[in-house]
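Step one of this worksheet: look at the structure below.
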Amino acid sequence: MDQRFNMPATHLEPAVFNRVNLSRYNTIVMVSGNYEALSKEKLKAWVQAGGTLVACEDAVTWCHEAGIVKLESKKPASAYDSVKVLNYAAKEQIDGAQRMNGAIFRASMDLTHPLCFGYSQPYVDLLKANSVFLQLPKNPFSSPIKYGNAPLQSGFITPQNYAALKNSATVVVQAVGNGRVIAMADNPNFRAFWLGGSKL
């Protein structure tokens with residue numbers, strides 16, 4: 001934020017977050033991580049009062065479970081259902097194959113949506129390194145970026161995860177009280193080297 005976009009950012013560890021006055025902030029970005037120590041009620045009240053919360057990757061799941069936003073997820077089928085003979089020695093390999101360690105997928109974009117401002121092509125390639133698969137919401141205007149029927153560009157993904165990823169939402173924007181939550185299933189600026197999604 002500060003080096004690429006010249007937008008100074010304040011870093012709030014959970015202990016600091018729980019005692020700071022949030023009215024000083026208009027936007028909070030939650031990257032993937034562990035937020036169990038964070039005050040859910042305080043964050044929800046801040047969003048409802050008009051704040052904009054941007055949640056990425058596993059933070060999306062945490063926000064849903066904390067009751068801050070209502071999102072539907074797609075669950076991949078069990079990898080064990082497709083294996084006819086199971087032996088214990090194969091368990092580690094089957095489980096390991098289900099982890100999303102990083103593959104590249106193409107998402108379609110609604111160029112008229114404010115989040116897509118500055119893009120000239122109606123797609124963006126994103127690196128996915130998590131198992132967050134969001135259902136497309138009933139409101140078609142609240143998901144400006146989504147995966148289609150054949151989004152894989154490069155990398156490995158199991159058939160179970162690919163089925164869950166296809167036709168899923170990459171970004172969901174949802175009003176919460178007077179504020180909004182922008183849920184991003186992936187990190188659009190992965191490790192500060194994946195620059196295609198930086199404008200998001």
Side-chain angles (χ1 to χ4, degrees), residues 1 5 7 9 12 14 17 22 25-36 38-76 100 102-119 123-148 151 161 164-191 194 196-200:
M1 296 294 287
F5 303 108
M7 296 171 66
L12 298 175
F17 176 92
L22 293 183
Y25 306 102
N26 58 18
T27 305
I28 293 177
V29 178
M30 295 177 72
V31 297
S32 190
N34 183 346
Y35 292 98
E36 291 307 312
L38 207 69
S39 171
K40 302 169 189 167
E41 296 76 19
K42 184 174 184 176
L43 182 59
K44 186 173 184 178
W46 174 83
V47 174
Q48 290 175 334
T52 298
L53 176 64
V54 181
C56 299
E57 300 183 283
D58 292 331
V60 171
T61 304
W62 182 88
C63 287
H64 170 72
E65 292 172 353
I68 295 166
V69 66
K70 292 179 183 175
L71 297 167
E72 297 294 326
S73 294
K74 296 173 77 174
K75 299 293 180 197
M100 292 288 301
I104 302 167
F105 301 94
R106 177 158 289 178
S108 62
M109 306 176 76
D110 174 1
L111 294 180
T112 66
H113 195 279
L115 283 180
C116 303
F117 178 79
Y119 285 94
Y123 61 83
V124 63
D125 292 329
L126 298 170
L127 192 141
K128 185 166 193 67
N130 64 64
S131 298
V132 178
F133 307 111
L134 297 174
Q135 288 273 17
L136 287 169
K138 291 178 182 171
N139 179 352
F141 303 111
S142 64
S143 182
I145 306 167
K146 57 194 89 166
Y147 292 120
N161 285 336
L165 179 78
K166 289 178 181 179
N167 300 307
S168 67
T170 310
V171 176
V172 176
V173 181
Q174 192 175 104
V176 177
N178 292 325
R180 72 178 62 95
V181 174
I182 301 171
M184 297 184 166
D186 305 303
N187 180 349
N189 196 29
F190 184 75
R191 293 187 181 167
W194 195 263
S198 290
K199 290 178 186 176
L200 298 176

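- Pairs passing the side-chain hydrogen bond (donor to acceptor under 3.5 Å, both in side chains) check and including a residue from residues 25-35, sequence neighbours excluded, read Ser32-Asp58.
- Residues that satisfy the side-chain contact (heavy atoms from CB on, under 4.5 Å) test with Ala55, not counting sequence neighbours, are Ala59, Val60, Cys63.
- Of the inter-residue distances, the one linking Met184 atom CE with Leu126 atom CG reads 9.5 Å to the nearest 0.5 angstrom.
- Legend: residues meeting side-chain contact (heavy atoms from CB on, under 4.5 Å) with Asn139, ordered by chain and number and at least two apart, are Phe141, Ser142.
- One finds the CZ atom of Arg180 at 11.5 Å from the CG atom of Leu53 (value rounded to the nearest 0.5 Å).
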Which atom pairs, one a donor and one an acceptor, fall under 3.5 Å between side chains of residues 66-76 and the rest of the protein, sequence neighbours left out?
unit_1, atom_1, unit_2, atom_2, d
Lys74, NZ, Ala164, O, 3.2
Lys74, NZ, Lys166, O, 2.6

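- The minimum heavy-atom distance between Pro144 and Val171, with the atom names listed, is CD-O, 3.7 Å.
- In terms of the side-chain contact (heavy atoms from CB on, under 4.5 Å) criterion, residue partners of Lys199 (sequence neighbours excluded) are, by chain and number, Tyr119.
- Listed by first and then second residue, the ring-ring contact (aromatic ring centres under 6.0 Å, His included) pairs involving residues 168-188 amount to none (not counting sequence neighbours).
- For the side-chain contact (heavy atoms from CB on, under 4.5 Å) test, residues two or more places apart in sequence or in another chain that qualify with Lys146 are Ser108, Leu136, Ser143.
- Contacts of Glu57 classified as side-chain hydrogen bond (donor to acceptor under 3.5 Å, both in side chains), with partners at least two apart in sequence or in another chain: Asn130.
- In this structure Ser39 satisfies the side-chain hydrogen bond (donor to acceptor under 3.5 Å, both in side chains) test with no other residue, sequence neighbours excluded.
- Panel note: side chain Lys40, backbone Glu65; no donor-acceptor pair is recorded below 3.5 Å.
- The distance from atom CG of Asn189 to atom CG of Leu200, rounded to the nearest 0.5 Å, is 9.5 Å.
- Applying the side-chain hydrogen bond (donor to acceptor under 3.5 Å, both in side chains) criterion to Asn187, with sequence neighbours excluded, gives no partner residue.
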